[in-house]
Amino acid sequence: SEDFAVPGHTTNSGFDCAGLINRAAQMAGIPFFYKNTRTIAEHMQEIEPNERLHPGDIIWIRGHVMVVANTRTNTIIEARGYDSDFGRVHEIELCKVFEGI
C-alpha cells in the first residue's frame with residue numbers, strides 16, 4: 001500500500017479540550033453550545049469557597065478546560081491542543097496539572 005504521509009507534517013485530527021467537552025455533552029444528550037474555552041468561561045457558574053467538586057464538573061483555566069473524572073482519586077479528563085499532542089484524551093491526576101494539590 002502507498003504511504004501518503006508527508007515527512008515533517010502531522011494531521012490535526014482528534015479533539016482539543018473544548019471539542020472533547022462538546023462531544024461528550026452531545027453523546028449524553030446535554031444541550032451544550034460552547035465551541036471554545038472563551039465561550040465556555042463566559043457561561044460557567046463559579047463555585048463557592050469550600051464547595052466540593054463533583055464528577056462531570058468543568059474546570060477552566062485560561063485557554064484550557066478539563067472535566068472532573070473522579071473525586072476520590074483526584075483525577076480529571078482532558079484533551080491536549082495542537083502544540084501538546086493534539087487529540088490525546090487522557091485521565092490524569094490533578095497534582096500533575098496543578099502544583100500543590
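Just so you know, these numbers use all the heavy atoms, side chains as well, and skip hydrogens, waters and symmetry mates.
- Every residue two or more places apart in sequence or in another chain that forms a side chain to side chain donor-acceptor pair (under 3.5 Å) with T39 is listed here: N36.
- Criterion: ILVMFWY side-chain heavy atoms under 4.5 Å apart, direct or through other members. Under it, V68 and M66 are part of a common hydrophobic cluster.
- Taking the side chain to side chain donor-acceptor pair (under 3.5 Å) definition, one finds that D57 meets it with nothing, sequence neighbours left out.
- Take R23 and apply the side chain to side chain donor-acceptor pair (under 3.5 Å) test, not counting sequence neighbours, and it matches Q26.
- Residues that satisfy the side-chain contact (heavy atoms from CB on, under 4.5 Å) test with T75, not counting sequence neighbours, are A69, N70, T73, E91, E93.
- Clustering ILVMFWY residues whenever any of their side-chain heavy atoms sit less than 4.5 angstrom apart, transitively, puts I21 in a cluster other than the one holding I61.
- Applying the side-chain contact (heavy atoms from CB on, under 4.5 Å) rule to E48 yields the partners E51; only residues at least two apart in sequence or on another chain are considered.
- In this structure, I59 and L53 have side chains that are in contact, with non-hydrogen atoms separated by less than 4.5 Å.
- For H43, the ring pair (Phe, Tyr, Trp, His ring centres under 6.0 Å) partners at least two apart in sequence or on another chain are Y34.
- Every residue two or more places apart in sequence or in another chain that forms a side-chain contact (heavy atoms from CB on, under 4.5 Å) with A25 is listed here: I30, F32.
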Assess whether side chain to side chain contact (heavy atoms under 4.5 Å, CB included) is satisfied between T37 and C17, documenting all intermediate values. CA-CA 8 Å; T37 58; C17 60; 3.7 Å; yes
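- Side-chain contact between N22 and K35 is present, with heavy atoms from C-beta onward closer than 4.5 Å.
- Every residue two or more places apart in sequence or in another chain that forms a side-chain contact (heavy atoms from CB on, under 4.5 Å) with I92 is listed here: I76, E78, H90, K96, V97.
- A donor-acceptor pair is defined here as one N or O able to donate and one able to accept, closer than 3.5 Å; no such pair exists between the side chain of W60 and the backbone of M44.
- By the neighbour-count criterion of 12 heavy atoms within 6.0 Å, atom CD of E42 is densely surrounded, having more than that number from other residues, nucleotides or ligands.
- Using a 4.5 Å heavy-atom cutoff, the side chains of T71 and P55 are in contact.
- V67 and I40 fall within the same hydrophobic cluster, defined by Ile, Leu, Val, Met, Phe, Trp and Tyr side-chain heavy atoms under 4.5 Å apart, directly or through other members.
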